[in-house]
Amino acid sequence: MKVGIAGGIGAGKSYVCQRLAAHGISVYDCDAAAKRLIRTSPDLQQQLIALVGSLDKAAMSRFLLASSANQQAMNAIIHPAVFRDFQQSGMQWMESAIMYESGADKLVDRVVAVVAPLEVRISRIQQRDGISRDKALQWISRQWPQDEVSRRAHYVIVNDGTADVDSQVEQLLSLLAQNE
């Protein structure tokens, strides 16, 4: 069974994936894979340079945030490459901040949404990336609303800084084992 870990930026997906790793589960990180593929694939590099004009992280970020059309154009280049890489990886678990928006949900059998309150997400993003509250909100606004991701998911893990994530992960693994 293939399982996707979904949730917006700052929800705590990476922490949940660390907890899964403690159970011996390796999770394919779509964001890390995209960065690796951009660094290593000449074809991807050529397409992005033709679109954005540069592979500079700041330039790509500005381009991405400038409009939804820019975001769609960039995603149309990056997502197919990441999806192929996931399928070739042989891994059963995938982490993606934009699981539904990207269509990655079609590559998995079950989706787990990781959720956290907005203020917690903003704080995590600001601390991790050293950016302003407005910039954090800008990134959040580029993704589907958390309640929509949760509604579509098969399971939800609350990672608000107080809920017991380990027990939720254990319960998830038990439920998945029952449904195999």
Side-chain angles (χ1 to χ4, degrees), residues 1-45 47-48 64 71-72 74-116 120-121 124-125 128-129 139-140 142-180:
M1 178 184 306
K2 292 193 185 292
V3 181
I5 305 293
I9 185 171
K13 294 177 306 301
S14 296
Y15 180 73
V16 169
C17 290
Q18 289 172 8
R19 303 318 308 142
L20 288 166
H23 290 272
I25 297 170
S26 297
V27 181
Y28 181 91
D29 181 335
C30 287
D31 189 44
K35 290 172 184 169
R36 174 180 47 81
L37 291 168
I38 290 168
R39 278 193 325 272
T40 61
S41 168
D43 181 50
L44 208 55
Q45 290 170 352
Q47 291 179 62
L48 289 169
L64 187 68
Q71 181 180 9
Q72 290 173 1
M74 187 178 276
N75 289 346
I77 294 169
I78 297 172
H79 292 165
V82 171
F83 295 169
R84 279 190 303 275
D85 192 62
F86 170 70
Q87 290 172 317
Q88 293 168 358
S89 75
M91 296 178 84
Q92 300 300 304
W93 291 70
M94 166 201 285
E95 172 192 352
S96 175
I98 53 173
M99 180 73 61
Y100 293 105
E101 302 97 313
S102 69
D105 62 303
K106 293 169 182 57
L107 302 175
V108 297
D109 303 301
R110 295 283 187 272
V111 175
V112 179
V114 179
V115 300
V120 170
R121 294 175 63 196
R124 287 175 179 163
I125 298 164
R128 182 191 69 200
D129 298 344
W139 280 111
I140 290 170
R142 286 286 177 190
Q143 299 175 345
W144 277 18
Q146 185 169 254
D147 59 342
E148 179 65 15
V149 173
S150 297
R151 187 183 66 74
R152 291 179 180 232
H154 299 92
Y155 309 96
V156 175
I157 291 179
V158 176
N159 187 6
D160 60 4
T162 59
D164 184 350
V165 172
D166 284 328
S167 67
Q168 292 177 79
V169 166
E170 289 172 16
Q171 183 180 16
L172 167 69
L173 295 174
S174 176
L175 288 169
L176 288 172
Q178 292 171 17
N179 291 323
E180 282 190 40

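For clarity, every value in this text was computed on a predicted model and none was experimentally measured. Side chains are part of it too, since the values below use all heavy atoms of this structure and drop only hydrogens, waters and symmetry mates.
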Going from [atom1] on [X] to [atom2] on [Y], what distance comes out if it is rounded to the nearest 0.5 angstrom?
{"X": "Y100", "Y": "E148", "atom1": "OH", "atom2": "CD", "answer": "9.0 Å"}
{"X": "C30", "Y": "I78", "atom1": "SG", "atom2": "CD1", "answer": "11.5 Å"}
{"X": "M99", "Y": "D105", "atom1": "CE", "atom2": "CG", "answer": "7.5 Å"}
{"X": "M74", "Y": "Q47", "atom1": "CE", "atom2": "CD", "answer": "11.5 Å"}
{"X": "I77", "Y": "L48", "atom1": "CD1", "atom2": "CG", "answer": "5.0 Å"}

Do the non-hydrogen side-chain atoms of [X] and [Y] ever get within less than 4.5 Å of each other?
{"X": "F83", "Y": "S102", "value": "yes"}
{"X": "L172", "Y": "V3", "value": "no"}
{"X": "L107", "Y": "Q87", "value": "yes"}
{"X": "L173", "Y": "L20", "value": "yes"}
{"X": "Q168", "Y": "V158", "value": "yes"}
{"X": "E101", "Y": "R142", "value": "no"}

Which heavy-atom pair separates [X] from [Y] by the least distance, and what is that distance?
{"X": "I9", "Y": "R121", "result": "O-NE, 3.0 Å"}
{"X": "S14", "Y": "E95", "result": "OG-OE2, 3.4 Å"}
{"X": "Q143", "Y": "A97", "result": "NE2-CB, 3.7 Å"}
{"X": "A32", "Y": "D29", "result": "N-OD1, 3.0 Å"}
{"X": "V27", "Y": "M94", "result": "CG1-C, 3.7 Å"}
{"X": "K13", "Y": "A6", "result": "CD-C, 3.6 Å"}

(message) Between the side chains of D85 and R36, is the shortest nitrogen-to-carboxylate-oxygen separation below 4.0 Å, so that they form an ion pair?
(response)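 So R36 pairs with D85 through a salt bridge.
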(message) Taking R151 first and then D147, would you say they form a salt bridge - that is, a charged N and a carboxylate O separated by under 4.0 Å?
(response) no
(request) Evaluate the side chain to side chain contact (heavy atoms under 4.5 Å, CB included) criterion for residues R124 and N159: first the C-alpha distance (whole Å), next the side-chain angles of each, then the deciding distance (0.1 Å), finally the verdict. (result) CA-CA 12 Å; R124 287 175 179 163; N159 187 6; 3.6 Å; yes
(message) With a sphere of 6.0 Å drawn around CD of Q171, does it hold more than 12 non-hydrogen atoms of other residues, nucleotides or ligands?
(response)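 Atom CD in Q171 is not packed in, count stays at 12 or less.
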(message) Tell me every residue that passes ring pair (Phe, Tyr, Trp, His ring centres under 6.0 Å) with F86, counting only those two or more places apart in sequence or in another chain.
(response) Y28
(request) Could you give me the CA-CA distance, side-chain angles and deciding distance for S41 and D43, then say whether side-chain hydrogen bond (donor to acceptor under 3.5 Å, both in side chains) is met? (result) CA-CA 5 Å; S41 168; D43 181 50; 5.2 Å; no
(request) Check K2, M1, Q92, H154 against V108 for a side-chain contact (heavy atoms from CB on, under 4.5 Å) and give me the one that passes. (result) K2
